[in-house]
Protein chains: 2
Amino acid sequence: MMGPMPQPPAPRKTTGRPARISRAEILRTALRIVTDEGVDRLTMRRLASEVGSTPMALYHHVRDKEELLLLLLDDYAAQHLRRPPAPPTDPRERVIAAATAIHEVLAACPWAVEVLTADDLMSTSALWFVEQIVDGLTVCGLSLESAVHGYRAIWYYTAGEIVIRATAARRRAADDRPTYRDRVFADLDPDELPRLAEVADRWAPLTAQDTYAEGLTALVNGLLTRGD
Amino acid sequence: MMGPMPQPPAPRKTTGRPARISRAEILRTALRIVTDEGVDRLTMRRLASEVGSTPMALYHHVRDKEELLLLLLDDYAAQHLRRPPAPPTDPRERVIAAATAIHEVLAACPWAVEVLTADDLMSTSALWFVEQIVDGLTVCGLSLESAVHGYRAIWYYTAGEIVIRATAARRRAADDRPTYRDRVFADLDPDELPRLAEVADRWAPLTAQDTYAEGLTALVNGLLTRGD
DNA sequence: ACCTGAACACCGTTCAAGT
DNA sequence: ACCTGAACACCGTTCAAGT
């Protein structure tokens with residue numbers, strides 16, 4: 001996942017020239033660009049002109065573009081990752097609920113994909129959910145070490161699902177040619193690859209289905225079962 | 001995963017000017033740049049100068065940069081994804097072995113990360129392994145539909161692991177500042193986040209461990225067990 | 001058919017100067 | 001302290017022309 005606010009909003013001193021643009025305004029504008037037009041369209045120059053300033057003014061409020069994206073996701077998570085009033089009492093359910101909550105919020109912001117893979121710990125707002133997952137797994141009988149590894153497995157699965165689906169969607173939007181996948185599945189050798197040949201024509205709809213929940217349940221069940 | 005050779009190596013006619021550079025030469029050079037210096041350093045201009053040509057000559061052999069990267073991974077997979085002489089007879093073991101083989105090859109080329117997320121079906125060389133996974137799951141009693149969904153879950157987990165680890169590694173290499181993660185874990189509130197506080201100092205080594213196999217086993221076991 | 005040169009329309013970021 | 005202008009060192013890709 002990713003990091004917390006790298007710097008607290010810069011303890012504004014009263015001396016010196018008054019700021020014309022604020023970090024909050026920058027983030028607000030950046031979020032608008034990114035949700036309206038996609039993360040590709042967010043450039044420092046574009047952002048600067050939208051806040052009515054110059055590219056270099058931005059560098060006074062954020063270290064670089066990467067920090068900007070980090071701050072953006074942090075901001076977004078802080079606003080959308082609300083804790084449920086009462087998490088499930090069943091620890092297994094608590095793990096599922098926490099993972100699902102993270103997944104739901106992140107799946108809603110496909111622009112976050114680049115940030116998601118950029119660090120391995122989410123915003124401070126997400127820590128409570130990580131705690132729920134590690135705690136749930138522990139209460140179910142896993143050692144603390146295994147619980148952390150279990151959390152990582154869940155995170156790999158969750159991030160993978162989001163990244164792959166988001167990129168696939170972006171691709172479909174940008175490109176109307178039939179995907180390479182379609183072409184391969186169009187002429188499979190049924191002798192060499194019988195199963196794939198059998199599902200060939202159902203592959204696209206099958207993989208378009210949202211099966212995050214099912215996979216998550218399977219993974220959590222598997223984590224909580226002594227392997228053989 | 002990604003697509004197969006988008007175009008067969010262009011049926012070279014005997015008419016016209018003889019080609020000075022070949023697709024194979026381009027790919028060979030691109031692979032060298034990418035393995036030596038990372039995918040960031042692969043630019044069309046750089047690549048052109050390394051093959052002793054101009055940027056525009058490349059566009060005669062590949063559609064664009066994205067196709068170049070796709071071809072690169074296809075090439076790599078074709079060379080490295082060798083089928084085992086005898087896959088395990090136990091279907092569950094076959095699923096694990098196939099996923100592990102894909103993971104092993106892809107983990108070795110972190111430069112493939114951007115390509116990995118760019119499409120949802122791997123190179124033709126990987127299809128045999130996909131077949132093994134779907135078949136193994138089916139033989140274990142899953143419906144063909146569930147087997148495809150199971151394969152997708154395994155792919156999400158696998159791709160997520162590779163993407164996240166690769167990006168984390170790249171980050172560590174580029175940046176020696178303590179990661180944001182370290183800073184958060186440095187001051188956790190043990191009342192609010194007791195489990196995380198308890199593992200705080202073991203978090204870094206724990207998440208550095210390679211637990212792909214354990215997570216995969218858990219996921220596959222979970223997929224093969226009737227959920228409750 | 002294959003390749004070139006010049007150009008288009010951009011990037012993120014640094015530097016030195018202004019107020 | 002905050003902002004600006006100009007510049008640096010690049011990008012991927014298109015177009016029109018050469019051989």
Side-chain angles (χ1 to χ4, degrees), chain A residues 6-27 29-30 33-34 37-72 111 114-115 118 170-171 174-175 177, chain B residues 6-27 29-30 33-34 37-72 114-115 118 170-171 174-175:
Chain A
Q7 269 114 325
R12 200 80 61 188
K13 297 257 178 70
T14 45
T15 60
R17 184 167 166 171
R20 273 228 252 279
I21 52 178
S22 65
R23 179 180 265 195
E25 190 190 353
I26 291 172
L27 290 179
T29 309
I33 294 175
V34 130
E37 307 183 35
V39 72
D40 297 338
R41 303 289 279 277
L42 181 71
T43 68
M44 298 303 267
R45 288 157 191 267
R46 164 81 186 277
L47 179 55
S49 88
E50 297 257 329
V51 299
S53 188
T54 62
M56 274 321 295
L58 302 179
Y59 288 86
H60 230 274
H61 298 87
V62 297
R63 176 195 295 262
D64 51 22
K65 196 182 178 183
E66 191 177 323
E67 189 186 280
L68 177 72
L69 284 168
L70 232 52
L71 288 167
L72 209 56
W111 52 267
E114 296 176 23
V115 190
R170 187 155 53 165
R171 270 213 143 201
D175 201 345
R177 297 176 287 176
Chain B
Q7 269 115 325
R12 199 81 60 189
K13 296 259 178 68
T14 45
T15 61
R17 185 166 164 172
R20 274 228 251 279
I21 53 177
S22 66
R23 179 180 266 194
E25 191 190 352
I26 292 173
L27 290 179
T29 310
I33 295 175
V34 129
E37 307 183 37
V39 73
D40 297 338
R41 304 289 278 275
L42 180 70
T43 70
M44 299 303 268
R45 289 157 190 269
R46 165 81 186 278
L47 179 55
S49 88
E50 297 256 330
V51 299
S53 188
T54 61
M56 275 319 298
L58 302 179
Y59 287 86
H60 229 273
H61 298 87
V62 297
R63 177 194 292 264
D64 52 22
K65 195 181 179 184
E66 191 177 323
E67 190 186 280
L68 177 72
L69 285 167
L70 232 52
L71 288 166
L72 209 58
E114 297 176 23
V115 191
R170 187 156 54 163
R171 269 214 145 200
D175 200 346

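So you know, we letter chains A, B, ... as the sequences are listed, proteins then strands, and number each from 1. Computed from heavy atoms alone, side chains included, the values below leave out hydrogens, waters and symmetry copies.
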B/Leu69 atom CG is separated from D/dG12 atom P, nearest whole Å, by 10 Å

Per atom distances to the A/Arg45 side chain, the nearest of C/dC3, D/dC8, D/dG12 is D/dC8

B/Tyr59 atom OH is separated from C/dT4 atom P, nearest whole Å, by 15 Å

Looking at B/Arg41, I'd like to know if its CZ atom is crowded, meaning that more than 12 non-hydrogen atoms belonging to other residues, nucleotides or ligands lie closer than 6.0 Å. no

note: B/Asp64, atom CG; D/dC11, atom C1'; distance rounded to Å ~ 14 Å

Worksheet item: Within the pair A/Thr43 and C/dC11, is there a side-chain N or O less than 4.0 Å away from OP1 or OP2?
Response: yes

Rounding to an integer number of angstrom, what distance separates D/dC15 and C/dC3 when you compare their C1' atoms? 14 Å

note: B/Arg23, atom CZ; C/dA1, atom P; distance rounded to Å ~ 17 Å

Shortest non-hydrogen pair, B/Asp64 vs B/Met44, comes out as C-CE, 4.5 Å

Separation of D/dT14 atom P from B/Met44 atom CE, nearest Å, is 10 Å

Among C/dC3, D/dC3, D/dC15, the one nearest any side-chain atom of A/Ile21 is D/dC3

Of all heavy-atom pairs linking A/Ala30 and A/Leu47, the shortest is N-CD1, 3.7 Å

Across every strand shown, the nucleotide meeting Watson-Crick or G-U wobble geometry with D/dG12 (both distances under 3.5 Å) is C/dC8

Rounded to whole Å, the CG-P distance (A/Leu68 to C/dG12) equals 10 Å

To the nearest 0.5 Å, atom CG of B/Leu68 lies from atom CZ of B/Arg63 at 13.5 Å

Using Watson-Crick geometry (N1-N3 plus N6-O4 or O6-N4) or G-U wobble (N1-O2, O6-N3), each under 3.5 Å, D/dC2 is paired with C/dG18

Q) Between C/dA9 and D/dC10, how far is it from one P atom to the other, in whole Å? A) 22 Å

Establish, with yes or no, whether the OP1 or OP2 oxygen of D/dC3 is under 4.0 angstrom from a side-chain nitrogen or oxygen of A/Ser53.
-> no

So CG of A/Leu42 and NZ of A/Lys65: to nearest 0.5 Å the spacing works out to 5.5 Å

A/Lys65 has its side chain closest, among D/dT4, C/dT13, D/dC15, to C/dT13

Rounded to whole Å, CZ of A/Arg20 lies from P of C/dG18 at a distance of 17 Å

N or O in side chain of B/His60 less than 4.0 angstrom from C/dT4 OP1/OP2
no

Between CG of A/Leu58 and P of C/dT14 the distance, given in whole Å, is 13 Å

